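Here's the structure, in structure tokens; my notes come after.
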Amino acid sequence: DAGVIQSPRHEVTEMGQEVTLRCKPISGHNSLFWYRQTMMRGLELLIYFNNNVPIDDSGMPEDRFSAKMPNASFSTLKIQPSEPRDSAVYFCASSPPGQIIAKNIQYFGAGTRLSVL
Amino acid sequence: AQKVTQAQTEISVVEKEDVTLDCVYETRDTTYYLFWYKQPPSGELVFLIRRNSFDEQNEISGRYSWNFQKSTSSFNFTITASQVVDSAVYFCALKSGVSQGNLIFGKGTKLSVKP
């Protein structure tokens, strides 16, 4: 079975440009998570969806960041306008349905390395 | 507050040595779940183990073993007879309560295994 698929793997852009990161979760999974990894802050949650509905977006840094999940098999994370401090690795993860949400294992994609010049 | 602390930033060992990676967590919930993930140099995050707060039995999987001690709020990971392929960053993570969806990660421990 295919795992979580993220695209692109690498993105280099200039400050002020719009950036869109894409994620395809594992088929049958109903929760999707976006994390950001930086040297300073480590791995931190940006937003997560359950059944395509945003549940917790408290980690979204500011209005420049937005995320959507139009259907169960696709999600986007958009940064507009991008800034150099957005440079990081962005991970998407998905988890299967389960009665106890906290118990569910998250499976991660390979990440998108974003560099904003 | 919920928090995961991995005090060891970097560890370097020689192949075949045993190595233990420490993880200390904080939570006020009585139900919680602990996880370990591996991030090899290629960058992806690979799930290794999940443990719930009601199961204090140690677990062994090949050369890997995990020691969960509620009394000290620790969930340590030991690699026996380490190999070069074990070189990676290892993350301990917590989900606290039954309804928390997201993982709270420690800062990770970078393990270097030299031949």
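The model shown is predicted, which means the values in this text are computed figures rather than measured ones. Worth knowing before you read on, the calculation uses all heavy atoms, side chains too, and leaves out hydrogens, waters and symmetry mates. A, B, ... follow the sequence lines: proteins, then strands. Residue 1 opens every chain.
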Specify the closest pair of heavy atoms between [X] and [Y], including all atoms of both residues, with the distance to one decimal.
X: A:Asn104; Y: B:Lys95; result: O-NZ, 2.6 Å
X: B:Phe35; Y: A:Lys103; result: CZ-O, 4.3 Å
X: A:Ile105; Y: B:Tyr37; result: CG2-OH, 4.2 Å
X: B:Glu44; Y: A:Phe91; result: CA-CE2, 4.4 Å

Verify the neighbour count for atom [atom1] of [X]: are there more than 12 heavy atoms of other residues, nucleotides or ligands below 6.0 Å?
X: A:Asp63; atom1: CG; value: no
X: B:Ile60; atom1: CD1; value: no
X: B:Lys38; atom1: NZ; value: yes
X: A:Glu62; atom1: CD; value: yes
X: A:Glu14; atom1: CD; value: no

With a 4.5 angstrom heavy-atom cut-off, is it the side chain or the backbone of [X] that approaches chain A, or both, or neither?
X: B:Thr31; value: neither
X: B:Asn52; value: neither
X: B:Tyr32; value: neither

Contacting moiety of [X], where chain B heavy atoms sit under 4.5 Å:
X: A:Arg113; value: neither
X: A:Met40; value: backbone
X: A:Gln37; value: side chain
X: A:Asn50; value: neither
X: A:Leu45; value: side chain

Backbone N or O of B:Leu103 within a donor-acceptor pair of the A:Tyr35 side chain at under 3.5 Å?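 Checked: pair present.
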N/O donor-acceptor pair under 3.5 Å between A:Gln106 side chain and B:Phe47 backbone: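 No, A:Gln106 side chain to B:Phe47 backbone: no donor-acceptor pair under 3.5 Å.
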Atom CG of B:Asn102 and atom CG of A:Leu43: how far apart are they, to the nearest 0.5 Å?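 That separation rounds to 12.0 Å.
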Does [X] share a hydrophobic cluster with [Y], counting links as ILVMFWY side-chain heavy atoms below 4.5 Å and allowing steps through other members?
X: B:Phe91; Y: B:Leu111; answer: no
X: B:Val113; Y: B:Val89; answer: no
X: B:Ile11; Y: B:Phe105; answer: no
X: A:Ile5; Y: A:Phe108; answer: no
X: B:Val46; Y: A:Phe33; answer: no

